[in-house]
Q: 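Have a look at this one before I ask anything.
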Amino acid sequence: MGVFAQQTIEITTKNNALILQTDQDNSLLSCYLGKKLANTREYAEINSLDKHKPGSDELYNKREAYIASGSLNLLEPALSVTHYNGDKSVVLSYINHQVKKINDNQTLTSIVLKDVHYNLEVVLHYMTYEQEDVIEQWAEISNQEKGSIVLNKYASANLTLAGKKFFLKSHHSGWGTEMRSEEQELLHGIRTLDSKLGTRANLLHSSSFMVSLNKPADEDEGEVIAGSLEWTGNFKIEFETFDEYYLRITSGINNFASNYTLKQGEKFSTPRFVYTYSSKGKGLASRNLQNWARTYQLLDGQGQRSTLLNNWETTYFDFDDEKLKALIQDTKKLGVDVFLLDDGWFGNKYPRNGASSGLGDWQYNKQKLKNGISSVGEEATAKGVKFGIWIEPEMVNPKSELYEKHPDWIIREPGRKEYYMRNQLVLDLTNPKVQDFIYETVDEIFKEVPGLSFIKWDCNSLTYNAHSPFLKNQDHFYIEYVRGLNNVLERIRAKHPATPMMLCAGGGSRVDYAALKYFTEFWPSDNTNPFDRIFIQWEYSYYFPSIAIDNHITDMGKQPLKFKTDVAMMGKLGFDVKVNELSPKDLLFAQNAVKTYDGFKEIIWHGDQYRLQNPYENKVASMAYVNPAKDQAIVFNYHMETTYSTLIDLPIPLKGLSPDQNYKIEEINLYPGTTASIDSTKVYSGDFLMKIGFNPLVSARRTSVVLKITAVK
């Protein structure tokens with residue numbers, strides 16, 4: 001091997017830097033992740049200052065940028081390979097790197113590493129987003145060996161963080177209890193967040209997280225890394241402390257039951273891992289990810305969204321043409337954009353009158369819809385509203401014609417008992433014929449309803465007894481399923497690029513940025529109790545922008561309609577209520593609320609989000625949205641006490657305003673017959689509002705208060 005000069009590779013954004021450097025063995029080391037230095041020449045000095053070099057009697061674990069197993073490094077690897085000859089040792093050496101400027105804001109750095117003994121190549125890719133301070137990282141593994149190899153582990157990224165202590169904020173879930181947060185110090189050993197569920201991968205754990213360095217970061221202070229894996233299937237994220245002052249984060253596809261055979265000449269690309277560093281707390285990290293997502297990842301993230309009325313909680317499976325006509329009229333009366341027809345519109349031999357039959361038979365039910373789906377769409381158009389529809393195309397009921405005709409299209413272990421979640425099984429999307437079936441199912445609905453304006457795409461079952469009748473190598477199943485799903489979505493979006501689609505999986509069980517390339521929004525939880533939703537929406541806000549989060553007003557919860565509506569406005573507003581049973585005052589309030597929301601929704605969707613006062617520790621929870629010009633803001637405030645209290649808390653300091661501008665504050669979205677308690681004639685400086693704050697006068701009698709803040713000249 002030749003002699004290599006030491007290389008220092010700078011991967012930088014507006015405020016941050018990731019520094020990699022080669023050592024005397026030509027290994028690529030991770031040296032620094034943090035605030036950018038003014039003098040870039042000094043990056044080369046960082047590694048020499050690290051005196052924590054384990055001695056000969058200790059494990060010698062280099063701080064490599066992408067750890068391979070089977071040689072010197074004994075930490076949890078990013079890459080494990082069985083070579084063509086059965087050997088499992090991998091030693092990666094730096095070969096070269098290339099920096100390509102994509103545009104003024106994006107730069108791609110690609111670093112070639114190679115096991116020269118086996119001619120195995122790994123290219124580490126780092127895509128930077130300058131203004132957003134975001135990095136996407138992934139690996140491309142190429143088999144240039146003499147025969148097939150097996151990838152036993154193939155993470156997207158290793159990150160090495162330096163600090164005296166590390167604190168992980170992670171999220172665990174269940175149906176109706178999505179995104180419950182816990183924060184803990186990472187001590188010795190490995191803390192793992194993972195999923196082996198197949199389809200609803202985020203049901204138990206989220207693939208998004210935050211790590212604070214040295215001390216738990218708060219909203220505005222402390223060092224924090226926020227990360228999320230862009231993958232719709234099984235994931236594994238590992239946090240391993242080592243050498244007293246370091247944490248290694250390994251993020252990628254879960255290699256559970258997924259040894260991947262790579263033939264000679266083939267390449268394997270991992271999903272992308274997206275992350276950001278903030279030296280100013282969790283709030284800035286959130287805004288970095290949200291800004292990146294709106295601009296680069298979320299479908300139509302800079303665009304508009306539609307308000308809607310959904311029939312699910314009004315009718316469930318029990319409806320017909322006449323009921324739907326009335327609901328379309330209610331949609332018009334309410335003033336929202338879309339009528340969404342939910343589950344139950346299909347199936348004839350096995351009509352979809354409940355959750356136990358019909359899935360897979362996507363022909364309109366002739367008993368319920370005598371004139372077809374097209375007539376419902378035409379009725380909506382005639383009434384001046386748009387029409388949307390619910391589908392669950394990846395699933396099948398055993399009680400269906402599809403199950404009878406195509407048993408070879410279904411995921412299940414031969415000779416084993418079938419296990420169901422919600423009385424259904426998963427179709428085998430590794431099979432191109434199944435992919436064609438799902439694509440054609442969706443495309444046929446577009447043909448039947450030329451004006452189709454919204455799709456709710458559901459996914460209610462896990463993958464039990466994972467076995468594909470199509471695949472020859474079952475180790476590839478979990479990966480090929482996701483690839484098959486993405487292939488279908490690519491084809492749908494190629495033909496129907498603009499139609500809004502909601503990503504749903506019995507709640508927020510499938511929320512990841514890979515899927516959100518194809519969807520305009522997601523359903524965060526089937527739990528629409530507004531008190532619970534404050535916590536759920538609060539936690540999603542750490543990683544996802546409000547424009548992507550669907551919030552519906554329903555009958556769940558005993559809070560007044562105003563409270564429910566105020567909570568639902570912190571995202572994309574929808575209704576799932578019996579409009580014809582609303583009292584005259586409630587109906588008037590709802591109609592006015594839709595108009596009020598239309599007046600400020602741009603700030604919610606495209607403004608900067610600030611968590612002002614959290615619901616876990618305060619009697620009043622508060623969330624603010626500020627437009628880019630900083631001349632308008634909307635602040636939501638909620639009474640969180642479970643016991644009766646009329647005490648009014650201290651002023652809540654605002655964030656994101658301009659200290660040099662003056663502002664007036666008015667209370668909006670008032671219930672008919674009530675008057676504002678806020679004096680809208682007073683003027684405050686932004687400096688005052690951010691240092692002293694403002695009291696929204698929330699109490700047990702005023703349980704939710706929405707404030708509009710406007711700059712005055």
Side-chain angles (χ1 to χ4, degrees), residues 77-82 138-139 141 148-157 192-207 228-238 250-263 266-273 393-396 408-414 416 418-419 421 424-435 438 459-490 503 505-506 509-515 517-518:
L79 178 68
S80 293
V81 176
T82 303
W138 71 100
I141 304 161
S148 294
I149 66 173
V150 178
L151 305 181
N152 305 116
K153 191 175 181 184
Y154 32 90
S156 300
T192 301
L193 306 175
D194 76 338
S195 174
K196 306 179 185 73
L197 306 180
T199 42
R200 295 173 61 181
N202 284 272
L203 177 62
L204 301 180
H205 296 117
S206 171
S207 53
S228 189
L229 185 67
E230 299 174 34
W231 181 246
T232 312
N234 293 345
F235 62 86
K236 181 188 281 188
I237 306 171
E238 297 158 309
T250 307
S251 176
I253 294 174
N254 196 336
N255 56 331
F256 162 75
S258 297
N259 286 326
Y260 196 88
T261 299
L262 202 60
K263 295 177 182 176
E266 286 186 340
K267 292 182 179 179
F268 182 92
S269 290
T270 71
R272 299 186 181 198
F273 172 59
E394 297 163 73
M395 303 292 161
V396 61
D408 57 322
W409 284 10
I410 296 167
I411 294 167
R412 54 185 170 186
E413 283 283 355
R416 304 264 188 203
E418 290 181 355
Y419 287 97
M421 175 176 273
Q424 61 197 53
L425 292 163
V426 184
L427 293 176
D428 182 9
L429 266 79
T430 72
N431 187 336
K433 290 182 180 178
V434 176
Q435 295 173 30
I438 294 176
C459 171
N460 282 302
S461 182
L462 306 176
T463 307
Y464 294 118
N465 288 353
H467 175 89
S468 163
F470 172 78
L471 284 180
K472 293 179 180 176
N473 186 344
Q474 297 300 317
D475 278 339
H476 290 194
F477 168 74
Y478 286 113
I479 292 171
E480 293 301 335
Y481 184 93
V482 177
R483 287 175 173 173
L485 173 63
N486 290 343
N487 180 48
V488 171
L489 293 168
E490 287 281 353
L503 179 65
S509 302
R510 213 186 212 184
V511 182
D512 69 88
Y513 274 122
K517 287 196 317 182
Y518 308 108

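FYI, side chains are in, hydrogens and waters are out, and symmetry mates aren't considered; it's all heavy atoms of this structure. Nothing fancy with the numbering, it's 1 onward along the sequence. Quick caveat: nothing in here was measured; it's all calculated off a predicted structure.
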Q: We want to know whether Tyr518 and Glu490 form a side-chain donor-acceptor pair, criterion being a heavy-atom distance below 3.5 angstrom.
A: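 Distance-only check passes for Tyr518 and Glu490.
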
Q: Quick one: pull up OG1 in Thr270 and CG in Leu151 and give me the separation to the nearest 0.5 Å.
A: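 Here the interatomic distance stands at 10.5 Å.
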
Q: Mind checking side chain to side chain contact (heavy atoms under 4.5 Å, CB included) for Asp475 and listing every partner two or more places apart, or none if nothing turns up?
A: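 For Asp475, the residues satisfying side chain to side chain contact (heavy atoms under 4.5 Å, CB included) (neighbours in sequence not counted) are Asn259, Asn473.
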
Q: Report the distance from atom CG of Leu197 to atom CG of Asn234, rounding to the nearest 0.5 Å.
A: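 Interatomic distance, Leu197 CG to Asn234 CG, rounded to 0.5 Å: 7.0 Å.
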
Q: So, the side chain of His476 versus the backbone of Thr261: is there a donor-acceptor pair under 3.5 Å, distance only?
A: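 Indeed, once roles are kept as given, a pair shorter than 3.5 Å links the two residues.
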
Q: Is a side-chain donor-acceptor pair under 3.5 Å present for Asn255 with Lys236?
A: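 A donor-acceptor contact under 3.5 Å links the two side chains.
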
Q: Has Arg200 got a side-chain atom pairing as donor or acceptor with Asn460's backbone, closer than 3.5 angstrom?
A: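 Yes, Arg200 side chain to Asn460 backbone: donor-acceptor pair under 3.5 Å.
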
Q: Compare every heavy atom of Pro271 with every heavy atom of Trp138, then report the nearest pair and how far apart it is.
A: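 For Trp138 versus Pro271, the nearest heavy atoms are CB-O, 3.5 Å.
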
Q: How long is the gap from CG on Leu425 to CH2 on Trp409, to the nearest 0.5 Å?
A: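 If I round to the nearest 0.5 Å, the distance is 15.5 Å.
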
Q: Atom CD1 in Ile237, atom CG in Asn254: separation rounded to 0.5 Å?
A: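 So the CD1 of Ile237 and the CG of Asn254 are separated by 10.0 Å.
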
Q: After noting the C-alpha distance and the side-chain angles of Thr232 and Asn486, does the key distance pass the side-chain hydrogen bond (donor to acceptor under 3.5 Å, both in side chains) rule?
A: CA-CA 9 Å; Thr232 312; Asn486 290 343; 4.6 Å; no

Q: Counting only N and O atoms by type, is there a donor-acceptor contact under 3.5 Å from the side chain of Lys153 to the main-chain atoms of Pro77?
A: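 Checked: pair present.
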
Q: Is the backbone N or O of Leu471 less than 3.5 Å from a side-chain atom of Ser468, with the two atoms forming a donor-acceptor pair by type?
A: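 Yes, Ser468 side chain to Leu471 backbone: donor-acceptor pair under 3.5 Å.
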
Q: If we count only N and O atoms by modelled type, under 3.5 Å, do the side chains of Ser207 and Asn202 hold a donor and an acceptor together?
A: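 There is such a pair (donor and acceptor under 3.5 Å, judged by atom type) between the side chains of Ser207 and Asn202.
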
Q: What pair of heavy atoms forms the shortest contact from Leu203 to Ser509, and how long is it?
A: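 Scanning both residues completely, I find the closest heavy atoms to be CD1-OG, 3.3 Å.
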
Q: Can you give me the closest heavy-atom contact between Phe470 and Pro432, atom names plus distance?
A: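 Residues Phe470 and Pro432, closest heavy atoms: CZ-CD, 3.4 Å.
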
Q: Sequence neighbours left out, what passes side chain to side chain contact (heavy atoms under 4.5 Å, CB included) with Ser258? Give chain and number order.
A: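 Checked Ser258 against side chain to side chain contact (heavy atoms under 4.5 Å, CB included); matches are Tyr154, Tyr478.
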
Q: Can you tell me how far the CD atom of Glu394 sits from the CG atom of Leu485, to the nearest 0.5 Å?
A: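 Reported to 0.5 Å precision, the distance equals 5.0 Å.
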
Q: Assess the residue pair Leu427 and Ile411 against the criterion (side-chain contact (heavy atoms from CB on, under 4.5 Å)); give the C-alpha distance rounded to whole Å, side-chain angles, the decisive distance to 0.1 Å, and a yes or no.
A: CA-CA 6 Å; Leu427 293 176; Ile411 294 167; over 6 Å; no

Q: Rounded to the nearest 0.5 Å, how far apart are OH of Tyr481 and CG of Asp428?
A: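 Result: 8.5 Å between the selected atoms.
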
Q: Checking side-chain polar atoms at under 3.5 Å, does Tyr260 have a donor or acceptor matched by the opposite partner on Glu266?
A: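 Their side chains do not contain a donor-acceptor pair, so the 3.5 Å distance test is not met.
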
